Amino acid sequence: MKKFLENLNKPQQEAVLYTEGALLVLAGAGSGKTRVLTRRCACLLDKGVSPLNLLALTFTNKAAREMKERVADVCDGGDKIWVSTFHSMCVRILRREIEALGYTRDFTIYDSDDSTRIITTCMAELNINKDKFQPKGIAGEISRAKDENISVSEYETMNGSDFRLGNVAKVYKLYQKKLREANAVDFDDIISKTVELFKKNPDTLEKYQSRFKYIMVDEYQDTNTLQYNLIHMLAAKYGNICVVGDDDQSIYGWRGANIRNILEFEKDFKGAKVIKLTQNYRSTKIILDCANSVIQNNTERKSKELWTQNGGDEKITFYSGDTDFDEAYFIINEIKRLSSEKNMVFSDFAVLYRTHATSRVIAESCFKNNLPYRIFGGVNFSNYEEIKDISAYLKLINNPSDRLSFMRVINVPKRGIGLTTIGRVEEYANEHNLSMYDAAKQSHLINGMSKKNLSITAFTDLIDRFTEFSKTNSVNALVEKIITDIGYRDELKSINPDKYEQKSENLDVLVSKALEYDLHAQDSTLSEFLSEMSLGADIDNLNEEDNRVALMTLHNCKGLEFPVVFIAGFEDGILPGYRAVTSGSTKELEEERRLCYVGITRAREKLYLTAAKKRDQAGRELSNPPSRFLGEIDQTLLERQESEKRFRPRDKATTHVSPRLKADKPHLQKAYEMNAYDRKIPAPKDVTLEYAAGDTVSHMKYGKGEVLAIDPGGADYEVTIKFGDDFGIKKFMAGFAKLKKIET
DNA sequence: CAGAGACTCGAGGAG
DNA sequence: CGAGTCTCTG
């Protein structure tokens, strides 16, 4: 038997061998779909197909990375296969071809924040009241229009007569004009411009069709109309297209994803082969039964039941804590317990949540307990203000037409250039149809600017010097030069000394990312570096093998698996989210249920569902009932645990009560004080420490330090240690810190 | 005209 | 709590 067929069941083998023509694989969770895709690559290469003729598309960076690794493992030449997200593939194409659409190759990519900002200015120019129409909402409408592949003029004819949508149409039009003038695209454009390019230039399309003779698309149920169009165009020549999907895991409806794409697939590609994979190899029977019992409450699904031969007797644990801190401590203690009792490593654990906000308390608790963790996705690195500032310099250097970036850095650090001056330059730029940068260069021609133009000229000279420098130097050198030359660290320190350290560290990370990029890129260019930054591509996630607990959203966990999974915030109002709950929309609720299903099916051996009776939301206390999905689980699979009040409640209780709380809600303040009382709970007797206050101990990361205090903190001791000047005073939970006493 | 401080309002998810 | 806007002051 060929190696690429080993250890595969019948339908899996069939899917691997069916390489010619159109193939739809309906693959349930854990049914080995990634395995099928990677083996399929191996099979194709074995048949003599060049790896350069293969294309594999995924939705998230994480999925792309996973597949890239596995493909490279499975077959020789696998590393040469294009495995990428839709967005990064399209950017690669556009960097080569976009001149056909009148942009230059150095185009800037605007993220959703940027988009919203531009939309706000569009609305101001059009005199649309932003209190009546939220810029973010309009941005969403426009984005959805683009997902549906609806152009400005189509949108106008469709909606021009409606008051609200007519206004959206106006903004859409102006917004596209501004993007065009700035030589910039937004995230949606990345794909829509590629489709447009292919429509306008059949030759270019043909080039890529011939290149990608075999196309594979993962998570096909998540494709929206635009992506669907793109795939179909690319596959039109050879028709060798394999899509893999599962309607039960469709969780991107809010992004225009359309389950119908799966049905239309069979229509569009006549004679398409359909293969179903229903045997689950991942989870225990209990976990799978749990998943099935939840998902069967959805009405809109093709009926299918996953089955497994796996055993396992670990029930699903539902834990309800007093507070979100309590919940976090429960999770951490369980991880600690299992990792020592069952000899597991930290990377065996994942904590999943509906929204990024939930991660804060968990991450904070991990940090305090010295438990190594890693947050995937979420607050994007390039979203930090300081990173945006330096990136804006880079973007402006790369693309002088980029107005938004110009505006961002013109007075950062403060150069005494204020709104009035900027307004004058802007007016001049508009009058003469110039970019802000070009207008600024002609500041001597602008009315009313006699004195201030010194600072403007100094700024454009600075940019010119950077531009010159960038031509002969690496991206890394450029980043360092910008930070140094503009005195950015000093600026950060003077603005906010408290946050300086963190921000400065982020800058270090940016510098090292640039270095990593320079080292790995075949042909290092500033615009490619910027693309990778915007798309959160490769450079974001090096060193992945390390042993840490994974924290990520339910959306991000798709395609992954872990021995132990926690789903935190298992409450009505979180999962399902409050919007789905309050809107009463069955459709939305069913998507939340699918999200829940995705989370459950990530677990191999043990699943925890956790909730909190009270949690903090924007400085207010929030109480949610347990998730309604809990009631849908066959109760014999469940084991419930209540808070034993042995974990530390909210830390802030003892030290700080928000002024607002004091003023508005005296009764809540009482509750806080009571929590403070609860805190004094002795640590269990079975923990003994080999050191005491006053001893010198050594820590793996921070080195030698002096023990200042040992306090009972929940089920463990909290140890306060003073390290040298580099690290200062830190607190750890004794069980995690692995502190060693040093005899002195 | 720049910058600090007061003030309001809002909170999903990926690239 | 935080970001974004508005208002006041030097």
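Note that the structure is predicted; figures quoted are calculated from it, not measured. By convention in this document, chain letters (A, B, ...) are assigned in the order of the sequence lines, proteins followed by strands, and residues within each chain are numbered from 1.
- Atom P of nucleotide B/dG10 and atom CZ of A/Phe133 are separated by 16 Å, given to the nearest angstrom.
- Between A/Leu94 atom CG and B/dG15 atom P there is a gap of 18 Å when expressed in whole angstrom units.
- What separates CG of A/Asp147 from P of B/dG15 is a distance of 14 Å, to the nearest Å.
- Here C/dG4 is the nucleotide among B/dC1, B/dA14, C/dG4 with the atom lying nearest to any side-chain atom of A/Arg117.
- Residue side chain A/Ser88 does not reach the base of B/dG15 through any donor-acceptor N/O pair under 3.5 Å, judged by distance alone.
- Residue A/Asp188 is classed as a base contact, given a heavy-atom separation below 4.0 Å to a base.
- Whole-Å rounding puts the A/Glu532 CD to B/dG15 P distance at 14 Å.
- The side chain of A/Asn556 contributes no N or O atom lying less than 4.0 Å from OP1 or OP2 of B/dG13.
- Using a 4.0 Å cut-off between charged side-chain N and carboxylate O, A/Asp246 and A/Arg301 make no salt bridge.
- In this structure a side-chain-to-backbone donor-acceptor pair under 3.5 Å is present from A/Glu327 to A/Gly569.
- A/Met533 places its CE atom 15 Å from the P atom of B/dG15, with the value rounded to the nearest Å.
- Across all strands, A/Phe59 comes closer than 4.0 Å only to sugar-phosphate atoms, never to a base (heavy-atom distances).
- Atom NE2 in A/His87 sits roughly 13 Å away from atom P in B/dA14 (whole-Å rounding).
- In this structure, A/Thr420 reaches the B/dC1 phosphate: one of its side-chain N or O atoms is under 4.0 Å from OP1 or OP2.
- Contact annotation for A/Leu419: backbone-only contact, meaning every heavy-atom pair under 4.0 Å involves sugar-phosphate atoms and none involves a base.
- Spacing between atom CZ of A/Phe381 and atom P of B/dA14 amounts to 18 Å, rounded to whole angstrom units.
- Taking only side-chain atoms of A/Thr553, from C-beta outward, the nucleotide of B/dG15, B/dC1, B/dG13 with the closest atom is B/dG13.
- Regarding A/Asn496, its CG atom lies at a distance of 12 Å from the P atom of B/dG5, rounded to whole Å.
- The side chain of A/His356 contributes an N or O atom lying less than 4.0 Å from OP1 or OP2 of B/dA14.
- For A/Asn61, counting side-chain heavy atoms from C-beta on, the closest listed nucleotide (B/dA14, B/dC1, B/dG15) is B/dG15.
- Looking at the side chain of A/Trp254, the nearest of the listed nucleotides B/dG15, B/dA14, B/dG12 is B/dA14.
- Partners of A/Arg489 by side chain to side chain contact (heavy atoms under 4.5 Å, CB included), not counting sequence neighbours, listed by chain and number: A/Ile483, A/Tyr500, A/Ser504, A/Leu507, A/Asp508.
- The side-chain heavy atoms of A/Tyr175 and A/Asp186, taken from C-beta on, include a pair separated by under 4.5 Å.
- For the residue pair A/Lys558 and A/Gln221, the shortest heavy atom distance occurs at NZ-NE2, 3.2 Å.
- For A/Ser527, the side chain to side chain contact (heavy atoms under 4.5 Å, CB included) test picks out A/Arg95, A/Asp106, A/Asn398, A/Thr525, with sequence neighbours left out.
- Using a 4.0 Å heavy-atom cutoff across all strands shown, A/Asn411 reaches sugar-phosphate atoms only and no base atom.
- For A/Tyr252 and B/dG13, the ring-to-base geometry does not satisfy the stacking test (centroid distance below 5.5 Å, interplanar angle below 30°).
- The side chain of A/Glu592 lies closest to B/dG12 when the candidates are B/dG12, B/dG13, B/dG15.
- The side chain of A/Arg354 lies closest to B/dG12, out of B/dG15, B/dG12, B/dA14.
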